[in-house]
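FYI, side chains are in, hydrogens and waters are out, and symmetry mates aren't considered; it's all heavy atoms of this structure. Along the sequence shown, residues are numbered consecutively beginning with 1.
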Amino acid sequence: TVTILAAYTSGTVLTASQSGSIVTFPAMDGAATLSLPAAADCVGSTFHFVMLGTAGNDVDIITNGSEKIIGCVPKGDGDNVGIADANDSIGFDANAVVGSSFKVTCISSTAALAFLAHDIIDGLAANTGGINLK
């Protein structure tokens, strides 16, 4: 069973028991952050994030700071950042459009490669600018 999570507030911490959930975002009135659970508590957990409006503000999915997200955002011009990049967050930029989405899976309790960003769909032309890893 897939759970749709739409009722959240900025600063919400996801839990391992919410693994498999689809987290949806409307057009945002303000910037927001959601936190991934600690890697030690959620190895194997996957979360799917989907934009249901033009974002309007940044939405960041963050780690605890010491745990990192590996991945790359594919760009239409082929100028991708290397997948070995270790990031503290992945998210939607203010210009992300309806249907932009990505998944994050906890692949290890080792902080340097705790999470993997994958299945990234940037709805903007040439896949540039709607989703960020930072």
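Between Asp60 and Leu34, every side-chain heavy-atom pair lies at or beyond the 4.5 Å cut-off. In this structure, Asn57 and Val59 have side chains that are not in contact, with every pair of non-hydrogen atoms separated by 4.5 Å or more. Using a 4.5 Å heavy-atom cutoff, the side chains of Ile70 and Ile107 are in contact. Between Val98 and Met51, every side-chain heavy-atom pair lies at or beyond the 4.5 Å cut-off.
Note that CD1 of Ile120 is 5.5 Å distant from CG of Leu133, once rounded to the nearest 0.5 Å. From Asp41, atom CG reaches atom CG of Leu36 across 12.0 Å, with rounding to the nearest 0.5 Å. With rounding to the nearest 0.5 Å, the separation of CD1 in Ile121 from OG in Ser101 is 4.0 Å. How far SG of Cys106 is from CG of Leu116: 10.5 Å, rounded to the nearest 0.5 Å. In this structure, OG1 in Thr110 is found 14.0 Å from NZ in Lys68, a value given to the nearest 0.5 Å. Rounding to the nearest 0.5 Å gives a distance of 8.5 Å between OG1 of Thr54 and CG of Asn95.
Closest approach of Ala114 and Glu67 over heavy atoms only: CB-CB, 4.0 Å. Minimum heavy-atom separation, Ala86 to Ala112: CB-O, 4.4 Å.
Under the side chain to side chain contact (heavy atoms under 4.5 Å, CB included) criterion, Ser17 pairs with Thr15, not counting sequence neighbours. Looking at residues two or more places apart in sequence or on another chain, you find no ring pair (Phe, Tyr, Trp, His ring centres under 6.0 Å) involving Phe47. Applying the side chain to side chain contact (heavy atoms under 4.5 Å, CB included) rule to Ser66 yields the partners Asn64; only residues at least two apart in sequence or on another chain are considered. Every residue two or more places apart in sequence or in another chain that forms a side chain to side chain contact (heavy atoms under 4.5 Å, CB included) with Ala16 is listed here: Cys42, Ser45. For Phe115, the ring pair (Phe, Tyr, Trp, His ring centres under 6.0 Å) criterion is met by no residue, not counting sequence neighbours.
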Task: Stepwise side-chain contact (heavy atoms from CB on, under 4.5 Å) check, Thr24 with Leu5 - done: CA-CA 6 Å; Thr24 61; Leu5 298 177; over 6 Å; no
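When each of Pro37, Ser19, Ser35 is paired with Leu14, the side-chain contact (heavy atoms from CB on, under 4.5 Å) condition holds for Pro37 and for no other.
Proximity of the aromatic rings of Phe102 and Phe92 is defined here by a centroid distance below 6.0 angstrom, and this criterion is met.
No donor-acceptor pair under 3.5 Å is formed between the side chain of Asp93 and the backbone N or O of Asp58. Remark: the backbone N or O of Thr33 is paired with a side-chain donor or acceptor of Ser10 at under 3.5 angstrom.
His48 and Ser21 share no side-chain donor-acceptor pair at under 3.5 Å.
Annotation: salt bridge (Lys or Arg N to Asp or Glu O under 4.0 Å) contacts involving residues 96-112, sequence neighbours excluded, comprise Lys103-Asp119.
Taken together through direct or relayed side-chain contacts under 4.5 Å among Ile, Leu, Val, Met, Phe, Trp and Tyr, Ile131 and Met28 form part of one hydrophobic cluster.
Ion pairing between Lys134 and Asp88 fails under the 4.0 Å rule for side-chain N and carboxylate O.
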